[in-house]
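Note that these values count all heavy atoms, side chains included, but never hydrogens, waters or copies made by symmetry. What you see is a predicted model, and the numbers here were worked out from it, not measured in a lab.
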Amino acid sequence: AGWRARGVTLLIAPAISAGASIVDVRAFLIILSTAALGLTLSVWIALIGVAASLAAFLFSFSWIALLNASQVMPNFWAALLGLAAAGFTVRGVEGGRPRHIVFASAALAATALIRPTEATVVFVVLGPYVLLGRKISRTVLLALASGLALGWLPWMIEMSVRFGGPLQALREAASGPLA
């Protein structure tokens, strides 16, 4: 289905290539999502302290974490990767190390690979924050734009190969069974 994404397929590829059953894939995703939630919110500890731990605890009981984290669906992963991109961006702009911006760009690229439109929204939200930031905003914005473009690239290639270009892909999607 169109609302599922290629990035999630790549995420479960190691389990599938090992011959995992559906139950095994769900267990793999539960373990992976738990680790990803902890790592994502650990980015925010330097910024908001103990509130990051509280956020991780509360988010772990949300419907998106309980339902989507163990299924091959992109919502949970787009949310975590977008949150990681935002956290690394804030840390980079607020006097962090250059590696924070590299990590932000990589997280935004991964978000776009999972859900390109959501990654674009994250970029649009982070852009003004970066431009109002204290230091080298153009470089940071260029790094984020590069990550976004890199994540969009597989989608653009697929739309060009399968549908004759992005506009044709959108036309066909608009004329689908739900239109």
Side-chain angles (χ1 to χ4, degrees), residues 1-16 20-97 99-130 132-133 140-141 143-145 147-148 150-152 154-155:
W3 48 273
R4 297 188 196 277
R6 300 268 186 255
V8 178
T9 306
L10 296 173
L11 186 67
I12 63 164
I16 297 297
S21 69
I22 296 292
V23 171
D24 295 337
V25 168
R26 286 195 173 191
F28 173 74
L29 285 172
I30 289 169
I31 293 166
L32 195 60
S33 65
T34 302
L37 178 61
L39 288 172
T40 297
L41 285 161
S42 73
V43 171
W44 286 89
I45 290 174
L47 299 167
I48 61 174
V50 71
S53 299
L54 181 60
F57 176 76
L58 292 174
F59 185 74
S60 68
F61 290 102
S62 70
W63 70 267
I64 195 169
L66 294 172
L67 179 63
N68 294 123
S70 66
Q71 296 180 9
V72 184
M73 294 180 68
N75 299 2
F76 177 83
W77 300 101
L80 282 189
L81 289 165
L83 187 61
F88 281 125
T89 300
V90 171
R91 287 187 70 179
V93 169
E94 297 298 325
R97 298 185 174 131
R99 69 183 169 141
H100 292 127
I101 299 305
V102 172
F103 292 153
S105 179
L108 195 57
T111 307
L113 187 60
I114 299 283
R115 296 290 292 262
T117 52
E118 280 84 340
T120 303
V121 171
V122 171
F123 177 78
V124 167
V125 170
L126 290 176
Y129 172 77
V130 168
L132 295 173
V140 173
L141 199 57
L144 292 174
L148 181 65
L150 186 62
W152 263 95
W155 291 93

**Study point:** Closest heavy-atom pair and its distance - Ile101, Ala143
**Key:** CG2-CB, 3.6 Å
**Study point:** More than 12 heavy atoms of other groups within 6.0 Å of Leu58 CG
**Key:** yes
Practice item. Drop me the distance from Glu118's CD to Leu81's CG, to the nearest 0.5 angstrom. Key: 11.5 Å
Point to revise | Interatomic spacing from CG in Leu11 to CG in Leu29 - rounded to 0.5 Å | key: 6.0 Å
**Study point:** Separation of Leu66 CG from Gln71 CD (nearest 0.5 Å)
**Key:** 11.0 Å
**Study point:** Pairwise distance OG(Ser70) to CD1(Ile31) - rounded to 0.5 angstrom
**Key:** 12.0 Å
Exercise for review: In sequence, state the C-alpha distance, the side-chain angles, and the governing distance for Phe123 and Leu141, and then conclude on side chain to side chain contact (heavy atoms under 4.5 Å, CB included).
Suggested key: CA-CA 9 Å; Phe123 177 78; Leu141 199 57; 4.0 Å; yes
Review point. Sub-3.5 Å donor-acceptor pair from the side chain of Thr89 to the main-chain atoms of Ala104, do we have one?
Key: no
Review point. Where do Trp155 and Ala112 come nearest, in terms of heavy atoms and distance?
Key: NE1-O, 3.0 Å
Study note, to complete from the structure: Closest non-hydrogen contact found for Ser33 with Leu80 is O-CD1, 4.3 Å
Point to revise | Shortest non-hydrogen contact from Asn68 toward Trp63 | key: OD1-CZ3, 3.3 Å
Exercise for review: Assess whether side chain to side chain contact (heavy atoms under 4.5 Å, CB included) is satisfied between Thr120 and Trp152, documenting all intermediate values.
Suggested key: CA-CA 9 Å; Thr120 303; Trp152 263 95; 3.0 Å; yes
**Study point:** Heavy-atom check, side chain of Phe59 versus side chain of Ile64, under 4.5 Å
**Key:** yes
Review point. For the side chain of Ser60 and the backbone of Phe57, is there at least one donor-acceptor N/O pair under 3.5 Å apart?
Key: yes
Review point. If you round to the nearest 0.5 Å, how far is CG of Leu47 from CG of Leu41?
Key: 11.0 Å
**Study point:** Rounded distance (nearest 0.5 Å) linking atom CG of Leu10 with atom CH2 of Trp77
**Key:** 13.0 Å
**Study point:** Under the side-chain hydrogen bond (donor to acceptor under 3.5 Å, both in side chains) test, residues paired with Trp44 that sit two or more places apart
**Key:** none
**Study point:** Minimum heavy-atom distance between Val122 and Ala85, given as atom pair plus value
**Key:** CG1-CB, 4.5 Å
**Study point:** Validation row: His100, Val93 side chains within 4.5 angstrom (heavy atoms)
**Key:** no
Revision key, fill the gap. Scanning both residues in full, the closest heavy-atom pair of Glu94 with Tyr129 reads OE2-OH, 2.7 Å
